[in-house]
S.K.: 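Quick one: the structure is below, questions incoming.
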Amino acid sequence: DSKMAFPIKVIMDEIFGVQNFRNWITRRKTNPKNYTSKAYGNISDYILFYSKSKDYIWNKQTEPLSELQTENEYRHIDEKTGRKYMRVPLHAPGVRKGDTGKDWRGITPPPGKHWQYSPITLDEMDAKGDIYWSKNGNPRRKIYLDENKGVGVQDIWWDFKDAHNQNIKITGYPTEKNLELLKRILLASSNEGDIVLDAFIGSGTVADVASQLNRKWIGIDNSFESIKSNMRRLTHGTERMG
């Protein structure tokens, strides 16, 4: 939480090296409340993402596009296929001396830019109908909605609140974390068969998620209540909050 996040950041920088700090993630942990204290409502906590070195496992996580994003960005429909698409430039920043820096169909890349693809690839894309030509002869690439895998997850997480209604299944352990929250982290930073370590296993959410995702796990805790909670969870599962 906000009381410990900054001291822990300093310690983690010393242990892992500041160059291996990857993200400071803010999570909305609860719904807004009517706090009576003279301060802003406290609805967030923090996740510090470090790697051991510059070579680490990273499986990019994505979120689906919202309806508003779809409507605003994918406004065009392909006449032949009926597929929705958006138009994006075929250029990229930087000057190149190879094929991507040369003219294509008599068109020169704008100053300080080059083609994203070689002329041969551009011809193939055009033959497949994947390039849109404007009235003044400006080519743009078609990006189809049905090929969009979603937007990369950002460093503010809105969708993993702590248990907040009686239908959510929990153990009742005081510091229990959202199961889907841990699932995102394990999917991003490990592969099937890997070993996941939780040095403060608490209610056993990490062990539960690791088992579901076919990861091995090691859990550590010096609290007898934590051990009891884990044994109960592993043998009987979780129960509805109510």
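Everything quoted here is computed from the prediction, not taken from an experiment.
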S.K.: Would you please classify the geometry between the W58 ring and the F49 ring as parallel, tilted or perpendicular, with 30° and 60° separating the classes?
M.R.: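 Taking W58 first and then F49, their aromatic rings lie parallel (interplane angle under 30°).
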
S.K.: For the OG atom of S190 and the CG atom of N59, what is their distance to the nearest 0.5 Å?
M.R.: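 S190 atom OG to N59 atom CG measures 7.5 Å (nearest 0.5 Å).
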
S.K.: Of all heavy-atom pairs between R141 and M125, which one has the smallest distance, and what is that distance?
M.R.: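 Taking every non-hydrogen atom into account, CD-CE, 3.3 Å.
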
S.K.: To the nearest 0.5 Å, what is the distance between CD (E73) and CG (N148)?
M.R.: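 It comes to 8.0 Å.
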
S.K.: Could you grab the distance from atom CD of Q19 to atom OG of S53, nearest 0.5 Å is fine?
M.R.: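 It comes to 9.5 Å.
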
S.K.: Counting C-beta onward and ignoring hydrogens, is there a side-chain heavy-atom pair between L213 and L187 closer than 4.5 Å?
M.R.: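 Contact flag for L213/L187 side chains = yes.
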
S.K.: Check step by step if side-chain contact (heavy atoms from CB on, under 4.5 Å) holds for I25 and I156.
M.R.: CA-CA 6 Å; I25 299 162; I156 297 179; over 6 Å; no

S.K.: If every non-hydrogen atom of S134 is compared with every non-hydrogen atom of N138, which pair is closest and at what distance?
M.R.: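 Closest approach of S134 to N138: OG-N, 2.9 Å.
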
S.K.: For atom CD of E14, is the number of surrounding heavy atoms from other residues, nucleotides or ligands below 6.0 Å larger than 12?
M.R.: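 Atom CD in E14 is not packed in, count stays at 12 or less.
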
S.K.: Do the charged groups of D159 and R184 touch, with an N to O distance under 4.0 Å?
M.R.: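 Yes, this pair counts.
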
S.K.: So for atom OH, which belongs to Y56, do other residues, nucleotides or ligands contribute more than 12 heavy atoms lying within a distance under 6.0 Å?
M.R.: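 Correct, the count exceeds 12.
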
S.K.: Heavy-atom count around I220 CD1 within 6.0 Å, excluding the residue itself: above 12?
M.R.: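 Enclosed.
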
S.K.: Could you check whether S211 and W217, counting side-chain N and O atoms only, form a donor-acceptor pair closer than 3.5 Å?
M.R.: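 Yes, because at least one side-chain N or O of W217 sits under 3.5 Å from a partner of the opposite role on S211.
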
S.K.: Is it true that R83 and D146 make a salt bridge, defined as a side-chain N closer than 4.0 Å to a carboxylate O?
M.R.: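 Yes, R83 and D146 are salt-bridged.
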
S.K.: Check for me, please, whether L68 and V151 land in the same ILVMFWY cluster - side-chain distances under 4.5 Å, paths through other members count.
M.R.: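 No: no chain of side-chain contacts under 4.5 Å links L68 to V151.
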
S.K.: Taking all atoms of both residues into account, what is the closest heavy-atom pair of G202 and Y173, and its distance?
M.R.: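 Minimum heavy-atom separation between G202 and Y173: CA-CE2, 3.6 Å.
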
S.K.: Does a side chain donor of either D130 or Y144 reach within less than 3.5 Å of an acceptor in the other side chain?
M.R.: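 Indeed, the side chains of D130 and Y144 share at least one donor-acceptor pair under 3.5 Å.
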
S.K.: Report yes if the side chains of I168 and I170 come closer than 4.5 Å at any heavy-atom pair, otherwise no.
M.R.: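 I168 vs I170: side chains touch.
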
S.K.: Looking only at heavy atoms, which two atoms of K113 and P93 are closest? And how far apart?
M.R.: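 Minimum heavy-atom contact is CG-CA, 4.2 Å.
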
S.K.: Would you compute the distance between atom CD1 of I227 and atom CE of M231 and round it to the nearest 0.5 angstrom?
M.R.: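 Result: 9.0 Å between the selected atoms.
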
S.K.: What are the two closest heavy atoms between V209 and K183, and how far apart are they?
M.R.: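 So the two residues come closest at CG1-CA, 3.6 Å.
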
S.K.: Will you find, in the side chains of T171 and R233, an N or O donor that is under 3.5 Å from an N or O acceptor?
M.R.: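 There is no such pair (donor and acceptor under 3.5 Å, judged by atom type) between the side chains of T171 and R233.
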
S.K.: Do R28 and W157 meet the cation-pi criteria used here (NZ or CZ under 6.0 Å from the six-membered ring centre, within 45° of the axis)?
M.R.: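 That pair does not qualify as a cation-pi contact.
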
S.K.: Taking atom types as modelled, is there a side-chain donor on K161 or N178 under 3.5 Å from an acceptor on the other?
M.R.: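 K161 vs N178: no donor-acceptor pair found between side chains.
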
S.K.: Take W133 and D126 through the test side-chain contact (heavy atoms from CB on, under 4.5 Å) and record every step on the way to the result.
M.R.: CA-CA 9 Å; W133 293 89; D126 195 26; 3.1 Å; yes

S.K.: How far does CD of Q154 sit from CD of Q61, to the nearest 0.5 angstrom?
M.R.: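 Result: 13.0 Å between the selected atoms.
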
S.K.: Are a donor atom and an acceptor atom from the side chains of S226 and S229 found within less than 3.5 Å of each other?
M.R.: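 Judged by distance alone, the side chains do not pair up.
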
S.K.: With no hydrogens and no angle check, just 3.5 Å: does a side-chain donor-acceptor pair link W104 and D99?
M.R.: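 There is no such pair (donor and acceptor under 3.5 Å, judged by atom type) between the side chains of W104 and D99.
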
S.K.: Indicate yes or no: at least one non-hydrogen side-chain atom of Q116 is less than 4.5 angstrom from one of H91.
M.R.: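 No, side chains not in contact.
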
S.K.: Regarding K52 and the six-membered ring of F16, is the cationic atom NZ or CZ under 6.0 Å from the ring centre and inside 45° of its axis?
M.R.: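 The answer is no, since K52 fails at least one limit relative to F16.
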
S.K.: Should I47 and L186 be counted in the same cluster of Ile, Leu, Val, Met, Phe, Trp and Tyr side chains packed under 4.5 Å apart?
M.R.: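 Shared cluster, yes.
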
S.K.: Which pair of heavy atoms, one from T26 and one from S44, lies closest together, and at what distance?
M.R.: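 So the two residues come closest at CG2-CB, 3.8 Å.
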
S.K.: Are D78 and K142 close enough for a salt bridge, meaning some N to O gap below 4.0 Å?
M.R.: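 So D78 pairs with K142 through a salt bridge.
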
S.K.: Take K169 and E239 through the side-chain contact (heavy atoms from CB on, under 4.5 Å) test and state the conclusion after the steps.
M.R.: CA-CA 5 Å; K169 291 188 174 182; E239 298 176 342; over 6 Å; no

S.K.: Does I131 form a side-chain contact (heavy atoms from CB on, under 4.5 Å) with L90? I'd like the steps, not just the answer.
M.R.: CA-CA 9 Å; I131 292 179; L90 276 165; 4.1 Å; yes

S.K.: Can you confirm whether or not the ring centre of W24 sits under 6.0 Å from the ring centre of F6?
M.R.: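 Yes.
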
S.K.: Taking the side chain as every heavy atom from C-beta outward, state whether D13 and Y50 have any atom pair closer than 4.5 Å.
M.R.: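 Side-chain contact under 4.5 Å: yes.
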
S.K.: Going through the distances and angles, do R27 and D162 end up as a salt bridge (Lys or Arg N to Asp or Glu O under 4.0 Å)?
M.R.: CA-CA 10 Å; R27 173 185 77 116; D162 292 337; 2.9 Å; yes

S.K.: Report yes if some heavy atom in the side chain of M86 is under 4.5 Å from a heavy atom in the side chain of V88; otherwise report no.
M.R.: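 The answer is yes; the side chains approach within 4.5 Å.
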
S.K.: Give the C-alpha distance, both sets of side-chain angles, the deciding distance and a yes or no for salt bridge (Lys or Arg N to Asp or Glu O under 4.0 Å) between D1 and K29.
M.R.: CA-CA 10 Å; D1 61 17; K29 62 183 178 181; over 6 Å; no

S.K.: How long is the straight-line distance from OH of Y74 back to NZ of K84, given to the nearest 0.5 Å?
M.R.: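 Going from NZ on K84 over to OH on Y74, the span is 11.5 Å.
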
